Amino acid sequence: MIVYNDIKRQFVNDVKDNSIADKILDAIKMRGLNAGHEKEYSSWQNSMQFMRNIVDDSEIDDEVRICIEYNIPLTSKRVDFIIAGADNVGKENIVIVELKQWQKAEVVADDMHYCVKTFVANTDRIVCHPSYQAYSYSCFLKNYSQSLTDESINLVPCAYLHNYQPEYRQSLSNPIYKEWFEVAPFFIKNEVAIFSDFVKKYITKKSSKGDLLYLIDHGRLRPTKALQDSLASMVKGNKEFMLLDEQAVCFDMCIKTMNQCLKDRKKRTIIIQGGPGTGKSVLAVNLLMEYINQSLNASYVTKNSAPREAFLQLLTKSDAKKLVNIKQLFRSPFGLSNCDENAYDCLIVDEAHRLVKKMYGDWSGENQVKECINASLLSIFLLDEDQAVTTKDIGSINEVQYWCKELGSRLIITDETKLVSQFRCNGSDAYIQFIDDLLQRLPETIHVDISELNFDFKVFDDPNEMREALRDKNQINNKSRMVAGYCFDWNVKHHRGDWDIMLGDNFKAKWNLENDKVWAINPRSFEEVGCIHTAQGLEFDYVGVFIGKDLTYNPITGRIETNKEAISKDDKSSGIRSAKPEKAHQLILNTYKTLLTRGQKGCYVYCEDPELRKYIRSRY
């Protein structure tokens with residue numbers, strides 16, 4: 001969606017008579033976008049003066065097109081500034097400019113290749129490197145706009161930091177960012193002439209094909225052949241994404257249903273149920289690949305970013321260029337409320353039990369289940385109601401059924417849409433039964449002899465010993481992690497101390513870092529403990545679970561008990577402390593079932609409650 005689009009001559013006049021910011025604001029309001037706040041308005045008034053100085057050049061034709069605040073289709077992202085035209089030999093080009101008002105920035109860490117730290121919104125924040133940002137926008141447009149391919153239009157990303165002090169340039173040009181600024185160069189305060197020459201290298205004449213921006217904005221959105229080939233090569237050569245047993249049956253059924261939707265243009269919704277380790281995510285990624293290969297507009301959706309980031313790393317084998325190339329295929333439900341009905345051919349919603357009514361910052365959002373169904377011709381929800389872990393989680397079968405009826409989508413939920421076979425916990429359904437029985441979730445007590453399973457389950461009296469045992473396992477292939485429930489405070493985050501989790505025997509540990517999006521596979525992250533939001537949807541060879549004082553055992557009654565008052569007051573997401581006792585009890589059990597079923601080869605446990613340790617040992 002184009003907010004401001006005019007020829008260069010008019011843009012220059014709008015800046016000169018100080019009306020440019022008002023024109024942008026009026027256009028944004030007319031299109032119903034959530035933008036145009038005071039700081040943004042000020043930035044337009046400021047930055048457009050600098051861009052006028054660049055384009056108000058006699059070598060650049062007055063009929064060249066200028067676009068401001070281009071809303072990238074199917075996203076909430078906006079490109080700051082676009083110049084469209086042709087070079088001296090008539091080659092059509094579109095220059096994408098990411099504008100920043102920063103004065104300085106600094107490197108965050110040597111292994112954070114996408115981010116820098118700078119002062120924005122009245123505080124120091126970790127944000128994307130501007131060259132990466134510009135390049136990622138160009139990748140999305142290149143991968144989805146058929147018009148760019150058909151018309152041989154070249155995209156040129158760059159960034160302009162017109163207030164940036166020269167003495168801090170070395171931070172942005174640090175070699176760890178080389179792969180970004182080589183393909184999307186950045187220019188700073190004292191590089192006006194250099195930036196001007198860069199623009200004129202690509203844009204001096206108006207395009208012979210008319211308004212290039214109109215071609216992009218009104219062309220068909222579909223994955224290009226290059227994107228199809230890129231994703232297919234990553235999935236097909238990756239053992240992590242092999243389809244087995246009923247996964248393959250469910251896959252075929254989903255492909256058949258998509259074909260029916262395309263034929264009769266009627267909405268359909270599929271609910272795929274499966275417990276921990278039944279391969280829901282593997283199925284989801286394979287479906288995404290197949291739909292993209294069919295030139296369909298499809299996307300993999302999860303509310304939590306951890307599964308998305310982990311799968312991107314697995315698929316691309318941490319190749320940064322490959323990652324940014326397919327990243328737009330993996331999205332949050334954030335912003336779907338702004339999509340037209342059936343904007344997507346298919347949305348594959350993994351971890352659908354974690355969907356909520358409204359996500360923070362999604363100003364026009366109402367209900368993420370509703371928005372997924374509305375935005376897609378075919379919507380596929382992969383869910384496990386037993387893994388809902390907060391009071392805000394609404395992704396249930398009943399919720400999906402309700403919105404299917406409201407939105408006229410035919411619901412499909414059959415035996416073919418159930419995943420049963422266990423591919424985690426060494427392929428043992430019996431282990432899942434063991435955990436359900438352990439947590440007294442079953443109507444009757446059953447005895448599962450896990451000694452007969454090829455699964456390493458162990459309870460520790462000393463948390464340090466558990467960590468050491470996991471550390472030994474992790475040295476093999478970096479596939480062991482420690483996790484915990486909601487009991488422990490976030491001291492480090494709130495600057496209250498150096499440690500978050502402090503247990504007996506002088507055990508100390510920190511929660512995983514907020515800015516570490518790939519905690520599950522980051523070689524440096526073993527010492528940090530993952531929370532439920534980080535670990536859910538992921539799997540490890542070995543998982544170590546710290547069970548806090550929210551789960552105890554009463555030897556007199558012989559019952560598992562939960563205590564919502566033991567939940568940390570720093571927990572602002574689960575809602576357990578304020579929930580009714582029955583709901584709090586259910587969510588605490590769901591949390592620990594989810595954590596105790598993350599391991600493929602083994603699960604190690606430490607309980608703060610000694611009686612709970614005794615009880616668990618008595619069950620195996």
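A quick note: this is a predicted structure, and the numbers were derived from the prediction, not measured.
Here Tyr4 pairs with nothing under the ring pair (Phe, Tyr, Trp, His ring centres under 6.0 Å) rule; sequence neighbours left out. Remark: His162 engages Phe50, Tyr160 in a ring pair (Phe, Tyr, Trp, His ring centres under 6.0 Å) (not counting sequence neighbours). Residues satisfying the salt bridge (Lys or Arg N to Asp or Glu O under 4.0 Å) test with Lys280, not counting sequence neighbours, are none. For Asp61, the salt bridge (Lys or Arg N to Asp or Glu O under 4.0 Å) test picks out no residue, with sequence neighbours left out. Contacts of Ala21 classified as side chain to side chain contact (heavy atoms under 4.5 Å, CB included), with partners at least two apart in sequence or in another chain: Tyr41, Trp44, Gln45. Every residue meeting the side chain to side chain contact (heavy atoms under 4.5 Å, CB included) condition with Gln313, not counting sequence neighbours, appears here in chain and number order: Ser318, Leu323, Val518, Ile521. Applying the side chain to side chain contact (heavy atoms under 4.5 Å, CB included) test to Lys142 and every residue at least two apart in sequence or in another chain returns Leu155. Taking the side chain to side chain contact (heavy atoms under 4.5 Å, CB included) definition, one finds that Asn190 meets it with Pro166, Ile188, sequence neighbours left out. By the salt bridge (Lys or Arg N to Asp or Glu O under 4.0 Å) test, Lys322 is found to be paired with no residue, residues two or more places apart in sequence or in another chain being considered.
A donor-acceptor contact shorter than 3.5 Å links the side chain of Asn286 to the backbone of Val282. Between the side chain of Lys358 and the main chain of Gly365, a donor-acceptor pair closer than 3.5 Å is present. Looking only at distances, no side-chain donor or acceptor of Thr204 sits under 3.5 Å from a matching main-chain atom of Lys200. Remark: the backbone N or O of Leu312 is paired with a side-chain donor or acceptor of Thr316 at under 3.5 angstrom.
Residue pairs that meet the ring pair (Phe, Tyr, Trp, His ring centres under 6.0 Å) test with at least one member in residues 53-79, sequence neighbours left out, do not exist here. A side chain to side chain donor-acceptor pair (under 3.5 Å) check over residues 163-188, counting only residues at least two apart or in different chains, returns the pairs Arg169-Glu191. The list of ring pair (Phe, Tyr, Trp, His ring centres under 6.0 Å) pairs with a residue in residues 315-355, not counting sequence neighbours, reads Tyr300-Phe330.
Between the side chains of Ser525 and Asn512, no donor-acceptor pair is found at a separation under 3.5 Å. Donor-acceptor pairing under 3.5 Å is lacking for the side chains of Glu92 and Ser152. Asn304 and Glu351 form no side-chain donor-acceptor contact under 3.5 Å, judged by distance and modelled atom types alone. Side chains of Asn367 and Glu399: a donor on one and an acceptor on the other come within 3.5 Å. For Asn53 and Gln49, the side-chain atoms include no donor-acceptor pair closer than 3.5 Å.
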Quick one, Lys77 with Gln133, criterion side-chain contact (heavy atoms from CB on, under 4.5 Å). Give me CA distance, side-chain angles, the key distance, then yes/no. CA-CA 10 Å; Lys77 305 296 184 184; Gln133 207 169 344; over 6 Å; no
Could you go step by step and tell me if Asn297 and Asp345 meet the side chain to side chain donor-acceptor pair (under 3.5 Å) rule? CA-CA 5 Å; Asn297 191 7; Asp345 294 312; 5.6 Å; no
Evaluation steps, side chain to side chain donor-acceptor pair (under 3.5 Å), between Ser136 and Gln328: CA-CA 9 Å; Ser136 67; Gln328 66 265 29; over 6 Å; no
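Nearest heavy-atom pair across Leu347 and Cys372 is CD1-O, 3.6 Å.
In the displayed structure, Asp264 atom CG is contacted under 6.0 Å by more than 12 heavy atoms of other residues, nucleotides or ligands.
A salt bridge does not link Lys370 to Glu406: none of the charged side-chain nitrogens sits closer than 4.0 Å to a carboxylate oxygen.
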